Amino acid sequence: MDFRTSCEETKTGICLLKDGNPEPFEVRLHLSKDILTIQEQDVICVSGEPFYSGERTVTIRRQTVGGFGLSIKGGAEHSIPVVISKISKEQRAELSGLLFIGDAILQINGINVRNCRHEEVVQVLRNAGEDVTLTVSFLKRSPAFLKLPLSEDCTCVPSDQSSGTSSPLCDSGLHLNYHPNNTDTLSCSSWPATPGLRWEKRWCDLRLIPLLHSRLSKHIPGTDLCRQNSFQVIAVDGVCSGIIQCLSDEDCIDWLQAIATNISNLTKHNIKKINRNFPVNQQIVYMGWAEEREQDHLHDRMYTPKFLALRGSSLYKFPAPPVTTWDWTRSEKSCTVYEIMYKILKGSELLDRRKHCFSVQNESGEDLYFSVELEYEITLWEKAFQTATFLEVERIQCKTYACVMESHLMGLTVDFSMGFVCFDAATKAVLWRYKFSQLKGSSDDGKSKIKFLFQNLDNKQIEAKELEFSNLFAVLHCIHSFFAAKVACLDPLYVGSQGSAATPCTTAATSGKIK
């Protein structure tokens, strides 16, 4: 069913990714209608057929004014090599395609500096002479704390005086470092002595996450702890995006809503395709992910992802989305949709720190507790349950339950057109019947007995009828479902929406009478 009319979202932006590394690194996210692409920056050869290379060797010459025209950050004290953090405006054209912001300096004139501290690398460069051969490799996952610019349009300002000190988290300007033997006869160009191949920094695909049946999560897996400004996307095949960190909570919500919109639209289109193979009474109304709260917390795991589906007369619960017809027969649990009760939980009804939760009470009175990530998902499920219940009640029209009244075996039929009909189980003789509008109240003992209070249409007196059932909660939920469907049926907008498979109403009718 079409629960949301928004178009597919396309979105691109810069975030941080924590993917098993000690520190998060910058990535670019690109969202299309069916794929979330995570990209990292890398340097590739563009001379002829593009290819990647782990290391490059470049020879540059120190200028009389401006030195190398580079600034560096990092060092072994932060468990990374020293990296180029800025390139001066004067040198940018000369070094274009050769050195890049983010290049890690591995060797200087053959001296291995991979594991050197920041100040040690600075000293090596100061004493390296006028022609310096650098072996570099682009540090694709440079830690975010280095705050490296994503483009080369960040310059260091030339100076003719050295500070004499350097810091691994501040830019050490190598334009300040003069070799003791420098003279005015040195070239004023840092041209590479061995230009060779040309290189280019590009955004390259790191991970592709197909969105169909993917699930979002802001929470630490299995807990009620919400990550700050962070989320992850898990594909149906288990591929995970890693923890994506946004710059602000607003940015995080924007990304979540955009991704959730595309997942919802893909689900909607997939439901339409699947329903072509199912008969009318077995159509899928809605399906998607929710996290179920465990009754017994084993190994401190409070929540487990479950795939819920409202199809035909039943609510199904799966560990993973059903793909084949056989999968539909292997659900962990299934409940008859008009014999369950959906409820949005608020305030004191919430059991922990998760905010967007709902419960489903099944026919035996067991409460299943679920959590979703976004507030609008609660509304989606509410509308889905309303629609599934309405369609099923409209299809079956009536439901009969065995009961006992005054020690006699009876049957109670809840009929969409007639209301309540009680009859003798042996003779089938009708003992009494009342319209839905005549029910003025009811109570139950929580075990097996229900007392109905009906109003006699002739004398306006209240008549009490007490029945005993073996399946109390199924009967209570069924009566509620028939009442809800009856109310919805009086709303012409709701009835019309069912015919066009659009959004069901969420409010009761404001006019008309229940019969």
Side-chain angles (χ1 to χ4, degrees), residues 9-32 34-42 74 78-80 102 139-148 150 203-264 288-294 299-307 320 352-357 371-375 377:
E9 296 271 0
T10 56
K11 185 177 175 69
T12 301
I14 302 299
C15 295
L16 300 179
L17 180 65
K18 191 165 186 178
D19 189 27
N21 292 39
E23 294 291 336
F25 56 95
E26 287 176 323
V27 294
R28 184 169 74 171
L29 303 185
H30 177 70
L31 176 66
S32 64
D34 56 357
I35 291 177
L36 175 67
T37 303
I38 304 175
Q39 298 176 315
E40 61 182 355
Q41 279 194 323
D42 201 352
H78 288 285
S79 302
I80 59 170
L139 192 63
K140 294 189 291 184
R141 301 185 180 185
S142 57
F145 63 75
L146 289 180
K147 298 181 180 180
L148 299 181
L150 294 176
W203 286 104
C204 304
D205 293 349
L206 171 63
R207 198 163 296 150
L208 302 178
I209 309 293
L211 295 181
L212 179 61
H213 295 327
S214 288
R215 59 184 177 89
L216 296 169
S217 179
K218 288 184 64 180
H219 293 87
I220 296 174
T223 75
D224 62 343
L225 300 176
C226 186
R227 296 186 178 98
Q228 185 176 9
N229 304 340
S230 304
F231 65 93
Q232 58 182 347
V233 186
I234 302 95
V236 69
D237 60 0
V239 174
C240 181
S241 64
I243 300 171
I244 298 170
Q245 295 183 348
C246 300
L247 300 179
S248 66
D249 189 54
E250 293 77 11
D251 192 31
C252 183
I253 294 298
D254 285 345
W255 272 107
L256 282 170
Q257 290 179 339
I259 297 171
T261 295
N262 288 10
I263 293 175
S264 179
W289 287 100
E291 295 210 17
E292 183 180 16
R293 196 174 197 271
E294 299 290 347
H299 308 295
D300 297 326
R301 187 174 185 86
M302 296 171 60
Y303 285 90
T304 303
K306 300 295 179 182
F307 193 82
D352 49 51
R353 284 169 284 194
R354 294 208 178 199
K355 298 179 181 179
H356 310 307
C357 302
S371 166
V372 292
E373 294 297 322
L374 298 172
E375 186 175 5
E377 292 180 272

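Just so it is clear, the model here is predicted, and its values are computed rather than measured. Worth knowing before you read on, the calculation uses all heavy atoms, side chains too, and leaves out hydrogens, waters and symmetry mates.
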NZ/NE/NH1/NH2 to OD/OE distance under 4.0 Å, E373 and K218: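 No, this pair does not count.
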Quick one: pull up [atom1] in [X] and [atom2] in [Y] and give me the separation to the nearest 0.5 Å.
X: R28; Y: D205; atom1: CZ; atom2: CG; result: 9.0 Å
X: I14; Y: L247; atom1: CD1; atom2: CG; result: 9.0 Å
X: L374; Y: Q257; atom1: CG; atom2: CD; result: 6.0 Å
X: D237; Y: S214; atom1: CG; atom2: OG; result: 8.0 Å
X: N262; Y: K11; atom1: CG; atom2: NZ; result: 11.5 Å

If we ignore hydrogens and angles and just use 3.5 Å, is the side chain of [X] paired with the main-chain N or O of [Y] as donor and acceptor?
X: D249; Y: N229; result: no
X: D42; Y: K140; result: no
X: D224; Y: R353; result: yes
X: R293; Y: Y303; result: no
X: R207; Y: L36; result: no
X: T261; Y: I259; result: no

Residue from I35, L31, L216, V236 passing side chain to side chain contact (heavy atoms under 4.5 Å, CB included) with L211: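 The passing option is L31.
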Does any non-hydrogen side-chain atom of [Y] lie less than 4.5 Å from one of [X]?
X: I244; Y: W255; result: no
X: E291; Y: R354; result: yes
X: I38; Y: S241; result: yes
X: L17; Y: E40; result: no
X: E377; Y: H356; result: no
X: H30; Y: W203; result: no
X: Q232; Y: P221; result: yes

What pair of heavy atoms forms the shortest contact from [X] to [Y], and how long is it?
X: S371; Y: C357; result: CB-SG, 4.0 Å
X: C15; Y: C246; result: SG-SG, 4.1 Å
X: V239; Y: I209; result: CG1-CD1, 3.7 Å
X: P24; Y: L16; result: CB-CB, 4.0 Å

NZ (K306) with more than 12 external heavy atoms under 6.0 Å: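 Yes, the 6.0 Å shell around NZ holds more than 12 heavy atoms from other groups.
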